Amino acid sequence: MTFNLTVSPDFAPERISGWYIFNTWLQKEIGKSVHLELYDDFASQRADIARGKVDLIYANPSDAAFLVREHGFVGVARPLGVTDEVVVAVADESPYAAVEDLRPGTRIAATDHPDIRMMGMILLEPADLGRDTTTQRECATYVLVAKALLTGQADVGFFLKAAYDDLASSTKKRLRPLVTSQIQVVRHGLLAGTKAVPHVSALRHALLGMTDSPKGRDALANLGFTGWENFEQEDVEFMIDLMDTLVA
């Protein structure tokens, strides 16, 4: 039996090797074959999820909703202390000093990550801006979001905080955060599909024990994690309900 593992496309490109290292570690730890498939965008990933081609996924909160409600996925584990916060940033030379300074017609650069777009727009509410008073430029990566700001193609950019923190220092020096969310309970997590559900206990045991061995700690470090904690189904449902409330 082979499990197909994938990762939400919003992870930093610098972590690609980390996920392959994690995949190798996981196979050895649980004694099962695991194939890692990484996608360039959410659309192609969701298409394969609908076709039943995904058994394990490190998912963002928006995808967690349809994975659980439409495809029967269950929670396994989530990284310790890693929350999905959003940074709304501008170029350092921008005239905007605060969100309230923004005006109708503001140009936004963002990836196709639905959670980050939604939370970013909530952070712009103090300026009375919405989708009908802004224009959005879709970028394939957060590096390209930064480039759009630095080349004057956008006024503000939406970043997953972890991705913003992973930008090259030379890039971050030329950017300036206007505001950062502090929701703290919106988080990515590892979910298991129907085929993998019988193995949730073994998967959870392996992940929570990663800090017990040098190879496990090395795999964690390559992901930028310090460890994992339980992601029980009630935790998943609470987060889904919260996301529904934020969207409403």
Side-chain angles (χ1 to χ4, degrees), residues 1-11 15 18-19 22-23 25-27 29-39 42 45-46 48-86 113-116 118-119 160-162 181 183-212 216 219-220 223-247:
M1 178 186 295
T2 297
F3 294 134
N4 292 316
L5 165 69
T6 189
V7 181
S8 179
D10 52 32
F11 69 92
R15 301 297 182 188
W19 283 107
F22 170 78
N23 186 68
W25 174 88
L26 184 62
Q27 291 184 85
E29 194 69 18
I30 66 174
K32 302 287 183 182
S33 177
V34 182
H35 169 71
L36 176 64
E37 184 74 31
L38 300 179
Y39 296 84
F42 287 95
Q45 184 183 74
R46 287 180 173 182
D48 273 359
I49 290 170
R51 297 186 188 105
K53 293 185 177 181
V54 172
D55 305 305
L56 296 167
I57 178 171
Y58 182 66
N60 65 58
S62 284
D63 283 350
F66 91 92
L67 285 163
V68 170
R69 293 173 177 171
E70 298 179 25
H71 298 283
F73 278 69
V74 301
V76 180
R78 59 188 177 186
L80 283 168
V82 179
T83 60
D84 289 1
E85 303 299 348
V86 175
H113 188 318
D115 299 335
I116 303 306
M118 179 268 293
M119 292 167 64
L160 179 67
K161 186 178 185 301
S181 68
I183 299 176
Q184 299 183 342
V185 294
V186 178
R187 305 170 65 178
H188 280 55
L190 186 73
L191 304 178
T194 305
K195 191 167 75 173
V197 164
H199 304 274
V200 164
S201 293
L203 288 164
R204 187 175 286 149
H205 178 77
L207 295 177
L208 270 58
M210 283 188 79
T211 56
D212 297 336
L220 281 169
L223 292 177
F225 299 163
T226 59
W228 296 83
E229 65 180 4
N230 280 338
F231 195 26
E232 302 286 357
Q233 203 61 13
E234 55 264 36
D235 299 321
V236 180
E237 293 291 347
F238 174 79
M239 188 177 66
I240 291 172
D241 289 343
L242 174 63
M243 296 303 294
D244 287 343
T245 300
L246 291 174
V247 172

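We number each residue from 1, following the sequence as shown. All heavy atoms count here, side chains included; hydrogens, waters and symmetry mates do not. These numbers were taken from a predicted model, which means no experiment stands behind them.
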(request) Check whether any side-chain heavy atom of Leu190 lies under 4.5 Å from a side-chain heavy atom of Leu5, and answer yes or no. (result) yes
(message) Minimum heavy-atom separation for Leu36 and Thr6, please, with both atom names.
(response) CD1-CA, 4.4 Å
(request) Look up atom CZ in Arg78 and atom CE in Met239, then write down how far apart they are to the nearest 0.5 Å. (result) 7.5 Å
(request) State whether the side chain of Arg204 and the backbone N or O of Glu232 hold a donor-acceptor pair below 3.5 Å, judged by distance alone. (result) no
(request) Report the C-alpha separation of Leu203 and Leu26 in whole Å, then their side-chain angles, then the decisive distance to 0.1 Å, and conclude whether the side chain to side chain contact (heavy atoms under 4.5 Å, CB included) test is met. (result) CA-CA 8 Å; Leu203 288 164; Leu26 184 62; 4.1 Å; yes
(message) Ring-plane angle category for Tyr58 and His188, please: parallel below 30°, perpendicular beyond 60°, tilted otherwise.
(response) tilted
(request) Taking all heavy atoms of Val68 and all of Phe73, pick out the closest pair and write down the distance. (result) CG2-O, 3.5 Å
(request) State, yes or no, whether a side-chain contact exists between Phe22 and Arg15 at a heavy-atom distance under 4.5 Å. (result) no
(message) Does anything in residues 184-198 form a salt bridge (charged side-chain N to carboxylate O under 4.0 Å, His left out)? List the pairs, not counting sequence neighbours.
(response) Asp55-Lys195, Arg187-Glu229
(message) Looking at Val34, is its backbone amide N or carbonyl O close enough to the side chain of Gln27 to form a donor-acceptor pair, meaning the two atoms are under 3.5 Å apart?
(response) yes
(request) Considering non-hydrogen atoms only, spot the tightest contact between Ala59 and Leu67 and give its length. (result) CB-CD1, 3.7 Å
(request) Please report the closest heavy-atom contact between Ala202 and Ile30, naming both atoms and the distance. (result) O-CG2, 4.4 Å
(request) Starting at CZ of Phe42, measure out to CG of Asp63 and round the result to the nearest 0.5 Å. (result) 6.0 Å
(request) Compare all side-chain heavy atoms of Phe3 with those of Ser33 and state whether any distance is below 4.5 angstrom. (result) no
(request) Output the distance between atom CG (Asp235) and atom CD1 (Ile240), rounded to the nearest 0.5 Å. (result) 11.0 Å
(message) Quick check: closest heavy atoms across Pro9 and Gln45, and the distance to 0.1 Å?
(response) CD-OE1, 3.5 Å
(request) Would you name the heavy atoms of Leu208 and Ala77 that are closest together and state the gap between them? (result) CD1-CB, 4.2 Å
(request) Please round to the nearest 0.5 Å and tell me the distance separating atom OG of Ser181 and atom CG of Leu160. (result) 9.0 Å
(message) Let me confirm one number: the CD1-CG distance from Ile49 to Leu191, rounded to the nearest 0.5 Å.
(response) 9.5 Å
(request) Indicate yes or no for a side-chain donor-acceptor contact from Glu29 to the backbone of Leu207 under 3.5 Å, with no hydrogens or angles considered. (result) no
(request) Using atom types as modelled and distance alone, determine if a side-chain donor or acceptor of Asn4 lies under 3.5 Å from a backbone N or O of Lys53. (result) yes
(request) First locate atom CH2 of Trp25, then atom CG of Leu220, and finally report the distance between them rounded to the nearest 0.5 Å. (result) 7.5 Å
(message) Is there a side chain to side chain contact (heavy atoms under 4.5 Å, CB included) between Phe225 and Leu80? Walk through the geometry before answering.
(response) CA-CA 7 Å; Phe225 299 163; Leu80 283 168; over 6 Å; no
